[in-house]
Amino acid sequence: MQDNATEVTAAGIARLAGVGRAAVSNWRRRHADFPKPVGGTEASPSFALAEVEAWLRHQGKLAEVPLRERVWQQLAGHPEGPAAALAHVGCVLLLIHDRPTVWLEVGAGSDERLAALLPAALEQVTVPRFGRVQAERGVHAEVSAEPSSAVNRPVTVNTPDVVSGGSAAPRTLNTPNEPNTPNAPRTPHLPNAPSVPAALAVPLPTGPELLPSVPLLRGAAELAAELGARQTFEFLLGRHLDANSRQFTPTPTELARLMADLAGPTRTVLDPACGTGALLRALDTRPGMEFHAQDSAPELAVLTALRLALHGRATVRAAVGDSLRADAFPRLRADTVLCHPPFNERNWGHDELAYDPRWEYGFPARAESELAWVQHALARLRDGGTAVLLMPPATASRRSGRRIRADLLRRGALRAVVALPVGAAPPYNIPLHLWVLRRPEKAPGRPEVLLADAGQFAGEGRGGPDWQAVRDVVLDTWWAHDRDGTLPERPGLARSVPVIELLDDDVDLAPARHLPPPAAADGAEQLAAVRECLDETLRLTTGLTPSPATTERPVRWPLTTVGELARGSALVMRAGGNGGHARVPVLTDHDVLAGTGPSGTLPETDEEAVLTEAGDVVVPVLGGGSVVRVVDGASVGAVLGRNLVLLRPDPAALDPWFLAGFLRGTANNRQASSYASTATRLDVRRLQLPRLPLDEQRRYGARFRALDEFERALRHAGRLGDQLVRGMYDGLTDGTVPPG
């Protein structure tokens, strides 16, 4: 049964039918029987999903909505909002994952029966996985984890400590609260009242609350039968995060893995600003592990708790609240703390927390919220426990924090500062730092701090860094330093610095200011190699230069469009996805424009990715440039990224180089583009090319391919020239290259 309350926007209709937004607008104008809006605004109306699906099928524009898309549209248009709907789905998927036979039993029969029986069934899995705590304000009390026999009885939780299970109306998910973003203000402190985490983390909805979600829950269960419960939740969560990307500050998967590896094996872990749970998911889970997570955004706390429960068998304790103002785990002594705190936050509780016992190393200044998070992490560690925090680079050198940095060094709490390459995490234009801390067990004898700089491994453009090189350098240097207490100097990369050298007036911990430059011999040899490679590339470029063109009269060919070729099965047209497996390289629109290899990442989901094959033609749809790429070499097998369209020609009908060459025509791109106030978008279906026999196509294709080789050689020569110029400037200014 379709849920008539589920609404879908024009963008959702376009996704369902596989067309552009303009086509949906045309349907609304031309067809009097097109479904009328049922919600939204005049500028952005919403429509009943069931009516839209029926109309599309009646018009022959839709044979069947894919199950993934139907479930997503039901979730996105849920009357209680997608976050509440996703929480309901997560609870049911956990039931399917842990007790599939119970789901089969309660799912049989009518929707009303399912909604009535489901709360008690959910309690059987959520209480053992999350625990349950009941308390009055200011009084903590553990409650047995045995499930109740009640069917519709909600379990309420209100605790100043662990808020990890129970029930609440889904409206608690919609409580206004700031997401975990670098500049988002925290919940204001209430004077003369205890600081208590707000609401609970995992709701147990009642039967009436579940009834509107039943069609969605049945669809999610059907999808779980195809993909698995965990994969289904990851797919839906990835779509939700992508649709609301401006509200969240993600921790990239590769960075999360690096932070987890720096922390090492662990049993009890805390993330006090958990966001979407990327750091905790990066850990290798083992039986007996305990995850503790807290976030000020109720939505994130709920979804992260469910995500972690589906990820493995570790015990999950999740809480809602600002960890600095309303710490949910004051008695916790964890083995490990992983944290990506909000940056540059002035309203972090400076006025209220002046006498907080966590400030063992000094009271942080108003502008030093990051040092408050550092001390919060140390306060929640057992003696000898390790914390790894992602920090803005200014924290290592601001004068307002020098006294706290000095005390962290003197007492042996700060063990390493690692400078990451530009592009490692948001904000992508800043080289962020990793701080590795350890709660001191005893005063160190001759303490040294590891300072490492992986900045040289930044990728080109916005493609991201060379993560394998970053991992190799950072982990090798940290493990050696941690094992021996010191590290042989590695010029330009890492050095173990005696604490006494850093305790000056500034206590500046920026690695680049304390590392020796790379060896001069290596620099000279590298410049010579670059010069030799540039000479060879320039000779190759000269040989590839096109011969002078003769003037001919314009030819008037019969034309066709990409859309017509797709309808006639001469080519297959696919759009880039919103997720995929994180280990597969992603070909981004920036890679296509820059002519580089796959370098991007997408949110880690189990959504079916579009993989490139040799001979595919890839077209960027944003930016207004006439750039097209034929897939070959390292690009084969990459995931197709956002804002890209893939054209896979039938080799018996179309030559790929002929197709790519004619799609690059300036006039062709101009007539197929639409213009908004801030961007240009290409409608690939409207791009034109001539109808020519296959032999004639191949003649043109050979010429287009030669032009592509010439263009690549020019780009390579440009990059080598830039590298040589930069190296010469550096060599002349540091004295390693003589002026004559």
Asks: Out of curiosity, Met289 CE to Leu280 CG, how far, rounded to the nearest 0.5 Å?
Replies: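 Nearest 0.5 Å value for the CE-CG distance: 8.5 Å.
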Asks: Classify the ring geometry between His350 and Trp348 as parallel (under 30°), tilted (30 to 60°) or perpendicular (over 60°).
Replies: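 If you compare the ring of His350 with that of Trp348, the planes turn out perpendicular.
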Asks: Determine whether the side chains of His292 and Arg317 contain a donor N or O and an acceptor N or O closer than 3.5 Å.
Replies: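 There is no such pair between these side chains.
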Asks: Please examine the side chains of Val449 and Leu509, heavy atoms only from C-beta on, and report whether any two atoms are closer than 4.5 Å.
Replies: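 They are not in side-chain contact.
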Asks: Quick check: do Phe233 and Leu86 have side-chain heavy atoms less than 4.5 Å from each other?
Replies: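 Side chain of Phe233 against side chain of Leu86, heavy atoms only: contact under 4.5 Å found.
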Asks: Can you give me the closest heavy-atom contact between Ala328 and Ala319, atom names plus distance?
Replies: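 Heavy atoms only, the tightest pair is CB-CB, 3.4 Å.
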Asks: Does the Trp467 side chain pair with the main chain of Leu258, one donor and one acceptor, at a distance under 3.5 Å?
Replies: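 Such a contact is absent between Trp467 side chain and Leu258 backbone.
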Asks: When you measure from the side chain of Gln375 to the backbone N and O of Tyr361, does any donor-acceptor pair fall under 3.5 Å?
Replies: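 Checked: pair present.
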Asks: Within the structure provided, determine whether Phe343 and Leu390 are in side-chain contact (heavy-atom separation under 4.5 Å).
Replies: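 Counting from C-beta outward, Phe343 and Leu390 do come under 4.5 Å.
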Asks: How close do Leu515 and Ala452 get, heavy atom to heavy atom, and via which atoms?
Replies: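 Closest pair (atom of Leu515, atom of Ala452, distance): CD1-C, 4.3 Å.
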Asks: Would you indicate whether the side-chain heavy atoms of Asp327 and Gln294 approach each other to under 4.5 Å?
Replies: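 They are in side-chain contact.
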Asks: For Trp359 versus Ala372, what's the shortest heavy-atom pair and its separation?
Replies: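 In this case the closest contact between Trp359 and Ala372 is CZ3-O, 3.5 Å.
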Asks: If every non-hydrogen atom of Arg358 is compared with every non-hydrogen atom of Arg380, which pair is closest and at what distance?
Replies: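 Taking Arg358 first and Arg380 second, the nearest heavy atoms are CD-NH2, 3.8 Å.
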Asks: Keeping the roles fixed (side chain from Arg439, backbone from Leu378), state whether a donor-acceptor pair exists under 3.5 Å.
Replies: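 Side chain of Arg439 to backbone of Leu378, a donor-acceptor pair under 3.5 Å: yes, one is there.
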Asks: Side chain of Thr315, backbone of Glu290: donor and acceptor closer than 3.5 Å?
Replies: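 No; zero donor-acceptor contacts below 3.5 Å.
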Asks: Start with the C-alpha gap between Arg325 and Asp356, add the side-chain angles, then the distance that decides, and say whether salt bridge (charged side-chain N to carboxylate O under 4.0 Å, His left out) holds.
Replies: CA-CA 10 Å; Arg325 284 195 174 98; Asp356 196 289; over 6 Å; no
Asks: Identify the two heavy atoms, one from Cys339 and one from Pro272, that lie closest to each other, and give their separation to 0.1 Å.
Replies: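 Answer, listing the atom of Cys339 first, then Pro272: SG-CG, 3.8 Å.
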Asks: Please determine whether the number of non-hydrogen atoms from other residues, nucleotides or ligands lying under 6.0 Å from atom CZ of Arg513 exceeds 12.
Replies: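 No.
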Asks: With sequence neighbours excluded, what pairs up with Arg346 under the side chain to side chain donor-acceptor pair (under 3.5 Å) test?
Replies: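 With sequence neighbours excluded, Arg346 shows a side chain to side chain donor-acceptor pair (under 3.5 Å) to no residue whatsoever.
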Asks: With a 4.5 Å limit on heavy-atom distance, are the side chains of Phe291 and Cys274 in contact?
Replies: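 Contact flag for Phe291/Cys274 side chains = no.
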Asks: Under 3.5 Å, side chain of Asp453 to main-chain N/O of Pro511, donor-acceptor pair present?
Replies: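 Not confirmed, Asp453 side chain does not pair with Pro511 backbone.
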Asks: If every non-hydrogen atom of Ala229 is compared with every non-hydrogen atom of Leu310, which pair is closest and at what distance?
Replies: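 The answer is CB-CD2, 4.3 Å.
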Asks: Side-chain atoms of residues 427-438: list all donor-acceptor pairs with protein atoms under 3.5 Å, sequence neighbours left out, distances to 0.1 Å.
Replies:
from, atom 1, to, atom 2, distance (Å)
Arg438, NE, Thr386, OG1, 3.1
Arg438, NH1, Asp482, OD1, 2.7
Arg438, NH2, Thr386, OG1, 3.2

Asks: Check whether any side-chain heavy atom of Ser400 lies under 4.5 Å from a side-chain heavy atom of Pro364, and answer yes or no.
Replies: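 They are not in contact (no side-chain heavy atoms under 4.5 Å apart), so the answer is no.
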Asks: Counting only N and O atoms by type, is there a donor-acceptor contact under 3.5 Å from the side chain of Thr268 to the main-chain atoms of Arg333?
Replies: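 No, because the side chain of Thr268 does not come within donor-acceptor range (under 3.5 Å) of the backbone of Arg333.
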Asks: Counting N and O atoms only, with roles assigned by atom type, does the side chain of Arg230 sit under 3.5 Å from a partner on the main chain of Leu93, one being a donor and the other an acceptor?
Replies: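 No: the side chain of Arg230 does not pair with the backbone of Leu93.
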Asks: If we only count heavy atoms from C-beta on, is the His514 to Glu501 side-chain gap below 4.5 Å?
Replies: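 Sidechains of Glu501 and His514: no contact.
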Asks: Do Thr336 and Leu338 come close enough that some side-chain heavy atom pair is under 4.5 Å?
Replies: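 A side-chain contact under 4.5 Å exists here.
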Asks: Among Val316, Leu94, Leu306, Leu308, which one satisfies side chain to side chain contact (heavy atoms under 4.5 Å, CB included) with Arg129?
Replies: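 Testing each of Val316, Leu94, Leu306, Leu308 against Arg129, the sole residue satisfying side chain to side chain contact (heavy atoms under 4.5 Å, CB included) is Leu94.
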Asks: With His240, which residues qualify under ring-ring contact (aromatic ring centres under 6.0 Å, His included), at least two apart?
Replies: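 With sequence neighbours excluded, His240 shows a ring-ring contact (aromatic ring centres under 6.0 Å, His included) to no residue whatsoever.
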Asks: Should we say atom CD1 of Ile500 is surrounded by more than 12 heavy atoms from elsewhere, each under 6.0 Å from it?
Replies: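 Counting neighbours around CD1 of Ile500, 12 or fewer heavy atoms of other residues, nucleotides or ligands fall under 6.0 Å, so no.
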Asks: Look at Arg402 together with Asp504 and state whether they make a salt bridge at an N to O cut-off of under 4.0 Å.
Replies: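 Asp504 and Arg402: not salt-bridged.
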Asks: So, using side chain to side chain donor-acceptor pair (under 3.5 Å) as the criterion, who are the partners of Asp476 when residues are at least two apart?
Replies: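 In terms of side chain to side chain donor-acceptor pair (under 3.5 Å), with neighbours along the sequence ignored, Asp476 is linked to no residue.
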Asks: Assess whether side chain to side chain contact (heavy atoms under 4.5 Å, CB included) is satisfied between His340 and Leu255, documenting all intermediate values.
Replies: CA-CA 10 Å; His340 176 178; Leu255 176 57; 5.9 Å; no
Asks: Quick one: list whatever passes side chain to side chain donor-acceptor pair (under 3.5 Å) with Asp351, sequence neighbours left out.
Replies: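 Side chain to side chain donor-acceptor pair (under 3.5 Å) list for Asp351, sorted by chain: Arg366.
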Asks: Is the backbone N or O of His311 less than 3.5 Å from a side-chain atom of Glu234, with the two atoms forming a donor-acceptor pair by type?
Replies: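 No, Glu234 side chain to His311 backbone: no donor-acceptor pair under 3.5 Å.
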Asks: Under the side chain to side chain donor-acceptor pair (under 3.5 Å) test, which residues partner Arg399, sequence neighbours left out?
Replies: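 Here the qualifying residues are Asp506.
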